[in-house]
Number of protein chains: 2
Amino acid sequence: MPSYQPKRPLTLRDVSEACGVSEMTVSRVLRNRGDVSAPTREKVLKAARSLGYVPNKIAGALASQRVNLVGVIIPSLSNMVFPEVMTGISEVLDGTDLQPVVGVTNYSPDREESVLYEMLSWRPSGLIIAGLEHTDASRAMLAQSNVPVVEIMDIDGTPLDSAVGISHRRAGRQMAEAIVAAGYRNIAFLGTQMPNDHRARKRLEGFEEELARHGLSLVDREFYSGGSALLKGREMTQAILQRSPETDFLYYSNDMIGAGGLLYCLDAGLDVPGKIGLAGFNGTELLDGISRKLATMDACRLEIGRRAAEIISGKHSTGTAGGAFIELFPTLQPGDTIRKI
Amino acid sequence: MPSYQPKRPLTLRDVSEACGVSEMTVSRVLRNRGDVSAPTREKVLKAARSLGYVPNKIAGALASQRVNLVGVIIPSLSNMVFPEVMTGISEVLDGTDLQPVVGVTNYSPDREESVLYEMLSWRPSGLIIAGLEHTDASRAMLAQSNVPVVEIMDIDGTPLDSAVGISHRRAGRQMAEAIVAAGYRNIAFLGTQMPNDHRARKRLEGFEEELARHGLSLVDREFYSGGSALLKGREMTQAILQRSPETDFLYYSNDMIGAGGLLYCLDAGLDVPGKIGLAGFNGTELLDGISRKLATMDACRLEIGRRAAEIISGKHSTGTAGGAFIELFPTLQPGDTIRKI
DNA sequence: GAGCGGTATGTGAGCGCTAACAGCGGGAGA
DNA sequence: TCTCCCGCTGTTAGCGCTCACATACCGCTC
């Protein structure tokens with residue numbers, strides 16, 4: 001490795017001098033753009049490799065006004081849902097020259113705002129952001145930025161530009177319908193205590209709406225925050241069953257606490273789904289392997305990620321102008337924890 | 001929102017014209033650098049806000065030769081271990097002006113190489129990368145790049161620069177020691193089929209070494225790839241117990257498949273830990289809530305993330321030159337699935 | 001052999017910002 | 001009164017690359 005100089009960062013000029021062509025030609029070779037003769041190309045590549053040259057995208061992006069980055073702003077990485085969205089995004093982006101960059105907000109609108117500011121300051125060529133609810137400042141930034149935006153996960157609201165997601169309100173209603181149809185009447189809800197988890201909120205609203213249509217209302221509810229979801233599910237379930245023994249159905253805001261609840265019920269020797277039914281939300285594959293399969297509803301996470309990435313990468317032919325609006329439809333997976341009708 | 005012009009991206013000049021000072025002064029205000037009088041500062045901030053100006057970090061980084069990005073290269077986001085490392089990193093970086101940017105390799109050395117190339121082309125001010133094993137090209141790039149590098153998770157090998165992690169070999173040995181001490185003799189291993197998961201490999205090597213010291217060897221082993229870990233754990237366990245009924249201990253390469261195995265054993269009514277013991281690896285908090293607590297070994301994930309970020313952000317006072325080398329020591333959590341001695 | 005189209009290469013300007021330094025006014029000290 | 005210095009602001013010159021264009025050269029045709 002011939003590095004005589006005291007380490008100075010390499011530039012295009014170093015490569016061009018090393019192989020006797022102009023910087024422009026080196027640039028063309030390294031980007032595969034424009035015509036370069038085969039021998040020249042070889043010569044340049046050899047020189048670049050032997051020097052260990054890595055192009056400076058900062059300079060390149062400034063000069064070309066193009067950045068191959070796509071910002072992805074999500075609330076969390078620690079529940080299983082967003083990694084799967086990321087997988088969908090990566091799958092599609094891997095086929096392009098675009099690269100995802102993730103930012104995590106921890107469900108805080110203020111953090112979202114600052115993550116957004118930070119991202120926009122890198123002038124990404126697209127932005128994928130979870131949810132439809134943003135601060136005024138965030139909306140203003142996005143509008144001003146001129147960057148294509150896809151809001152994902154949720155479609156109950158008004159998108160800024162494009163949107164891909166499911167209706168959580170409808171998902172809640174559907175689940176309520178199935179539960180009521182199966183004959184359960186004393187239904188409790190167990191969820192996370194997160195004022196900014198708008199999707200969980202909308203599911204619960206839809207759920208209660210549908211119950212109301214049948215003249216029912218929740219017999220009890222329990223919220224938690226932090227800690228191991230499985231354990232919390234167990235604890236909350238015990239609390240509810242102790243406090244409201246008439247409960248015959250437990251609706252959880254996610255599969256993880258639902259699984260905790262299910263394990264509790266099984267350990268306690270309760271008759272599931274005869275005496276008591278359970279359902280979660282997400283379709284978390286992770287949990288396949290528990291003796292009884294929890295009723296749930298697939299949130300189309302992979303597909304949401306894919307579609308969003310397709311819109312950004314221009315693969316989705318959106319008529320002409322204006323944003324795309326894609327509603328996906330989750331399917332109810334009754335599992336083994338709802339009585340068959 | 002006064003945006004008369006047909007949307008043209010805003011620059012410092014727009015802000016400076018809007019408030020009648022030089023670009024330099026605006027730049028100083030927006031970066032909180034250098035002396036600016038209070039009234040000027042206010043005027044500038046007001047103008048910037050009302051225009052919705054977001055600085056262009058690409059240009060800024062090029063001019064200042066400083067980038068507030070830290071690359072984080074990890075094999076996967078879908079098992080629970082790396083998100084926790086990320087949490088540790090974020091915790092520390094949030095107190096600085098640095099921002100993590102993650103890249104995922106899917107345990108492929110070639111992908112690692114290309115992710116690395118991509119990252120280095122943004123000239124990050126630090127790099128955190130999982131593992132000590134990299135392709136020659138990767139090592140060359142890193143050496144050439146002049147970027148501080150912290151290799152995390154593993155310390156059984158020679159770091160390029162700094163390293164923070166645990167000895168997986170030793171972890172394997174320790175677990176074997178505990179198992180043998182508890183009187184188990186017919187021990188099987190269940191793990192992932194991933195030639196590039198060097199840490200799992202080293203754990204197994206350490207484990208077998210220690211068994212050998214006691215004149216023992218594995219009675220059986222089973223590997224999987226893909227699918228739901230919980231379910232795979234269940235299936236593999238069943239397979240092993242059918243094939244090698246004399247097995248009295250199951251050592252899993254991670255807690256998730258371990259939990260699947262545990263659920264299988266409990267469902268099958270086996271006497272745990274009397275007739276058969278189980279142990280995993282990671283200390284996955286996620287799984288608290290299963291009726292029986294799986295024996296495991298905490299991998300210090302949070303702490304590893306924190307320490308690595310501290311090194312990059314310069315909070316860790318590393319004597320003077322040369323990389324830091326930090327070994328952490330996992331603790332064995334016997335849980336309820338190893339016989340008490 | 002002048003004119004043409006095409007391929008392969010080079011040239012100059014400038015992307016939006018910041019480092020370094022230069023200027024400018026005014027109060028303190030000689 | 002003349003410095004000297006300090007707090008504030010402006011000026012100049014790039015950072016390393018890419019764009020748009022200019023140029024050189026080749027083999028053709030008519």
Looking only at atom types and distance, does a side-chain atom of [X] sit under 3.5 Å from a main-chain N or O of [Y], one as donor and one as acceptor?
X	Y	value
B:Ser162	B:Ala324	yes
B:Asp14	B:Thr11	yes
B:Thr96	B:Val92	no
B:Asn68	B:Leu98	no

Problem - No-hydrogen, no-angle side-chain donor-acceptor test under 3.5 Å, B:Glu133 and B:Asn196 - result: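 On atom types as modelled, these side chains do not qualify, holding no pair under 3.5 Å.
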Problem - Side-chain donor-acceptor contact under 3.5 Å, B:Thr40 with B:Ser37 - result: yes
Completion exercise
If each end axis of the helix from C:dG1-D:dC30 to C:dA30-D:dT1 is fitted on five C1' pair positions, the angle between them, to 10 degrees, is 50°
Kindly say if [X] contacts the phosphate of [N], meaning a side-chain N or O under 4.0 Å from OP1 or OP2.
X	N	result
B:Gln65	D:dG14	no
A:Tyr53	D:dC17	yes
A:Arg66	D:dC17	no

Protein-nucleic acid N or O pairs under 3.5 Å, nucleotides 8-10 of chain D:
residue: D:dT9; atom: OP1; partner: B:Ser37; partner atom: OG; Å: 3.2
residue: D:dT9; atom: OP1; partner: B:Thr40; partner atom: OG1; Å: 2.5
residue: D:dT9; atom: OP2; partner: B:Ser37; partner atom: N; Å: 3.1
residue: D:dG10; atom: OP2; partner: B:Ser22; partner atom: N; Å: 2.8
residue: D:dG10; atom: OP2; partner: B:Ser22; partner atom: OG; Å: 2.9
residue: D:dG10; atom: OP2; partner: B:Thr25; partner atom: OG1; Å: 2.9
residue: D:dG10; atom: N7; partner: B:Arg28; partner atom: NH2; Å: 2.8
residue: D:dG10; atom: O6; partner: B:Arg28; partner atom: NH1; Å: 3.3
residue: D:dG10; atom: O6; partner: B:Arg28; partner atom: NH2; Å: 3.3

Exercise for the section: Tell me, please, which residues at least two apart from A:Glu91 pass salt bridge (Lys or Arg N to Asp or Glu O under 4.0 Å). Expected result: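 Result, salt bridge (Lys or Arg N to Asp or Glu O under 4.0 Å) vs A:Glu91: A:Arg306.
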Handout entry: Residues that B:Ser138 engages under side chain to side chain donor-acceptor pair (under 3.5 Å), provided they are two or more places apart
Key =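 Side chain to side chain donor-acceptor pair (under 3.5 Å) check on B:Ser138 returns B:Thr135.
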Handout entry: Any residue meeting side chain to side chain donor-acceptor pair (under 3.5 Å) with A:Ser76, in chain and number order, not counting sequence neighbours
Key =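 Listed in chain order: A:Ser78.
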Fill in the blank from the handout: When rounded to whole Å, the NZ to C1' distance for the pair B:Lys57 and D:dC15 reads 17 Å
Fill in the blank from the handout: Whole-Å distance, B:Asn56 CG to D:dC15 C1', equals 13 Å
Handout entry: Member of B:Leu127, B:Val164, B:Leu142, B:Ile129 meeting the side-chain contact (heavy atoms from CB on, under 4.5 Å) criterion with B:Glu151
Key =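 Considering B:Leu127, B:Val164, B:Leu142, B:Ile129, a side-chain contact (heavy atoms from CB on, under 4.5 Å) with B:Glu151 is found only for B:Ile129.
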Practice task
Taking heavy atoms of chain A and a 4.0 Å limit, find me the 5'-most and 3'-most nucleotide of DNA chain C within that range.
Solution key: C:dA8 to C:dG16
Practice task
Taking the side chain as every heavy atom from C-beta outward, state whether B:Val70 and B:Ile128 have any atom pair closer than 4.5 Å.
Solution key: yes
